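For reference, the structure is listed below as structure tokens.
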Protein chains: 4
Amino acid sequence: MPKVSEAHRHNRRRQILDAAIECFARHGLQRTSMEDIIRESRLSAGAIYLYFQGKDQIIERLADERHYREKQLIQQGLAQQDWTKSFGHLVRNFYVSLENPAEQKERRLGIHLWAEALCNPKVLRLIRRGLDQPRELLSQAIAEAQADGRLRKDIDSIAAARILIAMFHGLILQRAWDDRTDIECFVKAAQAMTDSYFSISSGGRG
Amino acid sequence: MPKVSEAHRHNRRRQILDAAIECFARHGLQRTSMEDIIRESRLSAGAIYLYFQGKDQIIERLADERHYREKQLIQQGLAQQDWTKSFGHLVRNFYVSLENPAEQKERRLGIHLWAEALCNPKVLRLIRRGLDQPRELLSQAIAEAQADGRLRKDIDSIAAARILIAMFHGLILQRAWDDRTDIECFVKAAQAMTDSYFSISSGGRG
Amino acid sequence: MPKVSEAHRHNRRRQILDAAIECFARHGLQRTSMEDIIRESRLSAGAIYLYFQGKDQIIERLADERHYREKQLIQQGLAQQDWTKSFGHLVRNFYVSLENPAEQKERRLGIHLWAEALCNPKVLRLIRRGLDQPRELLSQAIAEAQADGRLRKDIDSIAAARILIAMFHGLILQRAWDDRTDIECFVKAAQAMTDSYFSISSGGRG
Amino acid sequence: MPKVSEAHRHNRRRQILDAAIECFARHGLQRTSMEDIIRESRLSAGAIYLYFQGKDQIIERLADERHYREKQLIQQGLAQQDWTKSFGHLVRNFYVSLENPAEQKERRLGIHLWAEALCNPKVLRLIRRGLDQPRELLSQAIAEAQADGRLRKDIDSIAAARILIAMFHGLILQRAWDDRTDIECFVKAAQAMTDSYFSISSGGRG
DNA sequence: AATGAATGAGGCTTCATTCAT
DNA sequence: TATGAATGAAGCCTCATTCAT
């Protein structure tokens with residue numbers, strides 16, 4: 001039976017995870033030592049191990065956290081009735097998030113996790129899970145719009161969802177490599193592209 | 001006078017780099033030890049250091065190599081007269097490459113390098129350089145097509161190039177995380193999207 | 001707040017330095033591996049690095065320690081009123097120290113440091129500093145005795161101090177190379193030489 | 001049967017030994033790698049091993065060479081009839097040699113060999129042998145002068161020889177640590193000291 | 001005789017994790 | 001619960017020496 005409250009345990013975990021995010025985003029997963037996380041969290045080596053089994057578990061926990069944020073962004077975006085507005089919101093949310101420094105930090109961490117997933121089955125599973133749900137949400141929204149006659153029908157809704165996500169991920173990369181990358185400009189062009197793509201009339205010609 | 005030919009030296013370097021690609025792609029940059037590369041290359045520890053200054057230099061050399069392949073794919077694709085065909089080729093080349101197992105291996109390595117770039121200035125510079133040229137090639141091709149009246153003109157050619165690259169990178173990620181990802185399907189939808197985007201007639205309505 | 005006392009930290013440092021002295025004296029600075037020091041100190045590899053930055057720092061610390069002992073020997077020797085007695089004490093202290101096994105070990109280490117100083121600027125600085133103070137103490141004592149009329153005056157007190165130190169160092173070498181070297185005999189002759197050198201009456205003839 | 005002349009072999013050995021002297025004097029015995037000697041000698045790795053069994057043998061050969069020079073200096077010095085002149089010559093030769101840059105290089109090497117002798121039995125034997133002969137020459141000269149009534153007799157000639165050598169060695173050290181050390185000044189004082197020491201009249205008072 | 005690429009044991013150091021307090 | 005000193009396996013790299021040419 002724990003002597004401290006669950007709230008305390010939660011705060012400690014948060015403290016550790018935040019320190020890890022900071023370090024991982026800055027130096028990468030492998031280049032960050034437990035020592036770094038210990039220092040950043042202002043806790044002791046032993047304390048970390050009271051709350052996490054080890055470095056890998058911290059990484060996994062962070063990988064797991066990532067997709068809450070993604071899902072949230074997408075759900076907020078898709079909460080609109082009209083598809084065009086809906087998608088506009090989605091892109092807008094995404095855009096705003098990329099300009100936010102705290103978010104940028106997490107995006108950098110996200111990229112490290114993308115690479116980690118390639119050789120860490122647990123992280124891979126979490127990344128996949130974090131990808132599946134957004135893709136489902138998007139493709140369902142697209143399919144619904146198609147069913148309602150709001151979008152051209154000759155498009156594979158899943159492939160379309162993949163494309164949107166790919167564009168998101170691709171922009172995250174370009175932005176991470178060069179923070180002068182003009183997101184506004186990218187987003188405007190992306191919206192134009194998706195508009196022309198999804199609109200019924202152009203569908204007639206596809 | 002050198003005891004062995006320059007060709008021999010080149011082969012040795014290749015041998016080491018290929019071993020490194022194999023290891024890095026499988027286990028990531030940091031999880032791969034020099035011991036791994038030594039074993040995979042079937043050379044001795046000392047021999048590696050006759051050809052490279054250390055692990056970092058091997059990573060940098062591989063990061064440098066990456067963009068030759070990218071440029072090659074894009075140049076081959078853009079070598080067509082007609083923009084639509086040209087872009088079709090580009091996408092086709094890219095698609096074929098992703099189905100190639102050897103290429104898949106390098107794409108995995110590429111993702112590790114993307115993450116490495118975030119905390120390794122030398123790799124970042126190489127990644128950027130490898131990104132700049134393809135973007136230039138693409139945006140120039142787009143601008144030329146616009147000037148010739150083959151494409152709608154209300155699109156920022158650089159942003160459009162960024163979007164195409166982002167889609168490429170995003171697909172690489174999805175494919176790396178799940179090799180059942182249907183590239184054919186993705187590519188067909190992407191072509192439809194870009195066609196509708198760039199085509200003059202839809203431009204009139206955009 | 002530190003978990004262990006400062007005394008504990010000091011003891012650990014001492015433990016490591018003593019192990020290093022043992023190894024360095026026996027096998028030389030470069031031939032002694034960290035592995036050797038680790039084994040001799042009965043600590044673990046990691047523990048050493050909690051107390052010293054590396055092998056070089058251990059060497060530097062030992063070079064720094066040396067001159068405390070030298071200064072101590074000289075100050076004890078010069079604490080007498082009468083120059084002749086004073087110098088006699090000095091030589092006696094020195095002589096006794098050379099017969100002490102623990103001191104012999106440190107003298108061997110000292111010789112290794114003399115060589116190290118030739119290609120290690122930090123050690124050189126420490127050796128010089130360790131040499132300057134004894135020379136100053138000696139030359140001042142000599143100069144004072146000259147001013148008081150107790151010693152002939154036509155001698156450069158600094159050169160005289162250098163000579164005394166040179167004799168000391170030279171004897172340390174001969175003793176290190178052959179522990180059958182008769183120190184008693186050497187010291188007696190050295191005292192006779194310095195007596196005849198410094199004494200007023202002989203000064204009249206010099 | 002060798003294909004090249006003995007002279008050629010001798011030259012090659014000299015070439016290697018000179019390169020080794022250069023490197024050892026500059027960086028010490030252990031910090032000098034065979035690679036360094038190879039580069040300095042402008043020969044190949046394999047060539048070195050045609051002429052020496054390995055690094056240790058080069059060191060030993062150099063330790064062996066040292067005492068020829070010492071003996072030469074002493075014999076030249078002692079070749080005089082008159083003891084005082086004789087000793088003056090000895091000191092003078094020694095002094096001149098210390099101002100010679102080439103000699104300084106060898107003196108630095110010598111110091112490294114002094115340390116090496118402490119943990120290398122072969123070098124120790126050579127150093128001892130190189131020390132024994134000069135000491136014998138000196139003590140014999142002193143004893144002869146004593147027998148002839150030219151020097152006071154109440155001095156152990158061996159101890160006196162040891163003292164002279166100790167002073168030499170000690171000056172070599174001080175000069176190696178600080179090349180601004182005034183040798184002229186030291187030598188003058190040393191001559192004064194030995195004069196007053198050895199002279200008959202002062203002997204009456206000793 | 002000469003070359004220099006290759007070997008592989010061994011050196012220094014880091015770091016995830018544990019455990020006595 | 002909390003601490004942080006301690007552990008020791010494992011990482012990167014060097015270097016004396018060998019051997020095919």
Side-chain angles (χ1 to χ4, degrees), chain A residues 1-5 8-9 12 30-39 42-58, chain B residues 1-5 8-9 12 30-38 41-58, chain C residues 1-5 8-9 12 30-38 41-58, chain D residues 1-5 8-9 12 30-39 42-58:
Chain A
M1 182 183 326
K3 285 185 191 163
V4 298
S5 69
H8 180 253
R9 289 187 63 79
R12 276 274 189 269
Q30 317 297 334
R31 285 172 139 87
T32 293
S33 67
M34 286 303 275
E35 181 65 29
D36 294 331
I37 297 175
I38 290 160
R39 204 172 17 242
R42 315 189 121 267
L43 285 171
S44 64
I48 306 282
Y49 286 86
L50 286 176
Y51 297 98
F52 294 97
Q53 282 169 24
K55 193 178 176 183
D56 283 350
Q57 204 190 38
I58 294 176
Chain B
M1 95 193 78
K3 185 65 172 300
V4 298
S5 65
H8 179 256
R9 288 188 65 78
R12 274 276 186 274
Q30 317 296 335
R31 284 173 138 86
T32 293
S33 69
M34 284 305 277
E35 184 65 29
D36 293 332
I37 297 176
I38 289 160
S41 69
R42 315 192 117 264
L43 283 170
S44 64
I48 305 283
Y49 289 87
L50 287 176
Y51 296 96
F52 295 95
Q53 282 170 22
K55 192 179 175 183
D56 282 350
Q57 206 192 37
I58 294 176
Chain C
M1 93 195 79
K3 184 67 171 297
V4 298
S5 65
H8 179 256
R9 288 189 63 79
R12 275 276 186 273
Q30 318 295 335
R31 284 172 137 88
T32 293
S33 69
M34 285 304 278
E35 184 65 27
D36 294 331
I37 297 176
I38 289 159
S41 69
R42 314 193 117 263
L43 282 171
S44 64
I48 306 285
Y49 289 86
L50 287 177
Y51 297 95
F52 294 96
Q53 282 170 22
K55 192 180 175 183
D56 282 351
Q57 205 191 39
I58 294 177
Chain D
M1 180 182 331
K3 285 185 191 164
V4 298
S5 68
H8 179 254
R9 288 187 64 81
R12 276 273 189 270
Q30 318 297 334
R31 283 173 139 88
T32 293
S33 66
M34 286 302 275
E35 182 65 28
D36 294 331
I37 297 175
I38 289 160
R39 205 172 17 243
R42 316 189 119 265
L43 284 171
S44 64
I48 305 283
Y49 286 86
L50 286 176
Y51 297 97
F52 293 97
Q53 282 169 24
K55 192 179 176 182
D56 283 349
Q57 204 190 37
I58 294 176

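All values derive from a computational prediction rather than experimental measurement. Letters go in sequence order (proteins before strands), and every chain restarts at 1. Values below: all heavy atoms of this structure, side chains included; hydrogens, waters and symmetry mates excluded.
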In terms of the nearest nucleotide of DNA chain E, which residue is placed more toward the 5' end: C:T32 or B:R12?
B:R12
Residues which pass side chain to side chain contact (heavy atoms under 4.5 Å, CB included) with D:S33, listed by chain and number, not counting sequence neighbours
D:E35, D:D36
Check the distance between E:dC15's C1' and B:R31's CZ and give it to me in whole angstrom.
14 Å
Identify every side-chain donor-acceptor pair in residues 50-58 of chain C under 3.5 Å, counting partners at least two apart or on other chains, and give the distances.
residue	atom	partner	partner atom	Å
C:K55	NZ	C:L29	O	3.1
C:K55	NZ	C:T32	O	2.6
C:Q57	OE1	C:Q53	N	2.7

Which whole-number value in Å describes the distance from A:I37 CD1 to E:dT17 P?
10 Å
Give me the residues of residues 41-51 of chain B where at least one heavy atom lies under 4.0 Å from an atom of DNA chain F, by number, or none.
B:A45, B:G46, B:Y49
Protein-nucleotide distance (D:M34, atom CE; E:dT7, atom C1'), rounded to Å
16 Å
B:I38 CD1 to E:dA6 C1', straight-line distance once rounded to whole Å:
13 Å
From CG of A:D56 across to P of E:dC15 the rounded distance in Å is 16 Å
Can you tell me the distance, in whole Å, between the CD atom of B:Q30 and the P atom of E:dA16?
12 Å
OH on D:Y49 to CG on D:L43, rounded to 0.5 Å:
13.0 Å
Identify the stems formed by DNA chain F, where each pair is Watson-Crick or G-U wobble with both distances under 3.5 angstrom and a stem is at least 3 consecutive pairs.
E:2-21 with F:2-21
Answer yes or no: does a side-chain N or O of D:R9 lie under 4.0 Å from OP1 or OP2 of E:dA1?
yes
Between A:S33 and D:H8, name the one whose nearest nucleotide on DNA chain E is closer to the 5' end.
D:H8
Could you tell me how far apart D:E35 (CD) and E:dG4 (C1') are, to the nearest whole angstrom?
10 Å
